[in-house]
Amino acid sequence: TRLGMPVPGMVVLVDGKLYETCRPVREQDDAYSGHHKRHGAKCLGLTFPNGLLPYATFDPHGRRHDAHRLAQSGLLPMLAAVSQRRGTMYRAGADSAFPVHPHCTPMYRGVLAGLHRLFNRNYSPVRIQVEWGFGLVVTLFPYTQYRLKLKMLLQPVGLLLPVAVLLTNIHTCLRGNAISHACGLSPPSLRDYLAGRV
């Protein structure tokens with residue numbers, strides 16, 4: 001990509017996001033994220049260099065850690081299977097909250113030596129693109145950020161958020177976005193995207 005990537009074979013960026021909701025009247029501890037000190041639905045979002053957000057999965061259990069969501073998603077076995085089939089090592093990029101895995105390369109954490117700091121400095125501008133993806137969804141569909149209107153037990157929150165991601169991808173196919181422009185890759189045509197030819 002134009003931005004450069006310190007890890008070869010990195011084809012997708014992954015991160016977790018808590019979409020805040022109203023405090024539910026039941027099972028509050030399941031929806032409560034101790035890290036964010038908020039109630040909400042946890043999303044595991046992926047971003048491809050062409051700007052698409054292909055695999056947003058939502059969990060009403062906001063207390064779950066991002067690494068748990070990654071394990072539940074099946075992404076790493078999928079990357080392993082594709083890597084074996086094509087004979088090329090494919091990896092996901094992530095922040096330091098995710099585990100080290102042959103198919104997942106997180107940033108370094110803790111007290112860092114010079115090379116680790118250099119790696120993180122080169123990695124960070126690229127990894128931040130997954131945050132751009134979350135921001136694009138919120139820009140196009142502000143209700144996803146309005147927690148007073150997202151009520152877990154009264155609305156299908158787990159359906160509203162994936163629909164917003166789907167419509168964001170349709171918008172990207174028609175207009176592109178900051179991620180596709182930064183990476184120099186065009187998104188697929190809308191016809192190809194809706195037919196699953198991506």
Side-chain angles (χ1 to χ4, degrees), residues 1-3 5 9-21 40-61 64 66 69-94 98 103-104 126-146 149-152 154-198:
T1 66
R2 289 177 184 170
L3 294 179
M5 176 57 70
M10 191 164 291
V11 295
V12 64
L13 298 168
V14 60
D15 199 8
K17 177 175 174 57
L18 183 78
Y19 283 88
E20 291 184 41
T21 64
K42 184 60 78 77
C43 165
L44 180 73
L46 306 182
T47 302
F48 283 155
N50 63 5
L52 291 182
L53 315 172
Y55 197 74
T57 61
F58 293 86
D59 187 344
H61 306 291
R64 302 280 192 198
D66 293 345
R69 296 293 305 126
L70 179 63
Q72 293 292 317
S73 72
L75 172 67
L76 299 182
M78 192 183 313
L79 285 175
V82 172
S83 296
Q84 186 174 17
R85 191 168 61 245
R86 297 183 62 98
T88 303
M89 186 63 135
Y90 293 115
R91 295 178 178 87
F98 289 88
H103 296 281
C104 180
V126 180
R127 197 210 61 79
I128 201 69
Q129 292 177 46
V130 71
E131 304 292 346
W132 297 354
F134 291 133
L136 184 62
V137 174
V138 170
T139 300
L140 293 174
F141 303 99
Y143 75 85
T144 60
Q145 195 76 352
Y146 190 47
K149 289 292 185 181
L150 294 177
K151 302 172 183 177
M152 275 194 195
L154 299 177
Q155 296 173 311
V157 174
L159 180 62
L160 293 174
L161 297 174
V163 167
V165 172
L166 171 67
L167 294 176
T168 300
N169 282 338
I170 290 173
H171 183 274
T172 297
C173 290
L174 295 173
R175 309 273 312 257
N177 62 28
I179 301 166
S180 63
H181 294 315
C183 294
L185 293 174
S186 299
S189 68
L190 182 57
R191 182 185 298 273
D192 286 344
Y193 174 68
L194 294 178
R197 296 190 295 267
V198 292

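The figures that follow rest on heavy atoms only: side chains count, while hydrogens, waters and symmetry mates do not. In this text the structure is predicted, and so the values were computed from the model without any measurement.
Of all the heavy atoms in P54 and F48, the pair that sits closest is CG-CE1, 3.6 Å. Scanning both residues, V165 and L53, for their nearest heavy atoms gives CG1-O, 3.6 Å. Nearest heavy atom pair, residue L18 against residue G40, reads CD1-C, 3.7 Å.
Side chains of S180 and S186 form no contact here, defined as non-hydrogen atoms less than 4.5 Å apart. Residues T172 and L136 are in side-chain contact: their nearest non-hydrogen atoms beyond the backbone lie under 4.5 Å apart. For the pair T168 and T139, the minimum side-chain heavy-atom distance is 4.5 Å or more. Side-chain atoms of V126 and C183, non-hydrogen and from C-beta on, never get closer than 4.5 Å to each other.
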Could you go step by step and tell me if L167 and L140 meet the side chain to side chain contact (heavy atoms under 4.5 Å, CB included) rule? CA-CA 9 Å; L167 294 176; L140 293 174; over 6 Å; no
With side chain to side chain contact (heavy atoms under 4.5 Å, CB included) as the criterion, how do V130 and K17 come out once you've worked through the C-alpha distance, each side chain's angles and the decisive distance to 0.1 Å? CA-CA 10 Å; V130 71; K17 177 175 174 57; over 6 Å; no
Evaluate the criterion side chain to side chain contact (heavy atoms under 4.5 Å, CB included) for residue pair L160 and T144; output intermediate values, then yes/no. CA-CA 8 Å; L160 293 174; T144 60; over 6 Å; no
Run the side chain to side chain contact (heavy atoms under 4.5 Å, CB included) test on W132 and T47 for me, step by step, so that the C-alpha distance in whole Å, both residues' side-chain angles and the decisive distance to 0.1 Å come before the verdict. CA-CA 9 Å; W132 297 354; T47 302; over 6 Å; no
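Going from atom CD of Q84 over to atom CE of M89 covers 11.0 Å, rounded to the nearest 0.5 Å. Taken from CD1 in I179 to CD in E131, the straight-line distance is 10.0 Å, to the nearest 0.5 Å. Between the CZ atom in F134 and the OH atom in Y19 there is a gap of 6.0 Å [rounded to 0.5 Å]. Note: C104 SG to L79 CG = 9.0 Å, rounded to the nearest 0.5 Å. Separation of atoms CD1 (I128) and CG (D15) is listed at 8.5 Å; rounding is to 0.5 Å. Rounded to the nearest 0.5 Å, atoms CG (D192) and SG (C173) are 8.5 Å apart.
Panel note: side chain S83, backbone T88; a donor-acceptor pair is recorded below 3.5 Å. N177 contributes a side-chain N or O that, together with a main-chain N or O of G51, makes up a donor-acceptor pair within less than 3.5 Å. A donor-acceptor distance shorter than 3.5 angstrom exists from the side chain of H103 to the backbone of Y90, with no hydrogens or angles considered.
A search for side chain to side chain donor-acceptor pair (under 3.5 Å) contacts involving N169 returns Y193, not counting sequence neighbours. Under the side chain to side chain donor-acceptor pair (under 3.5 Å) criterion, T21 pairs with no residue, sequence neighbours left out.
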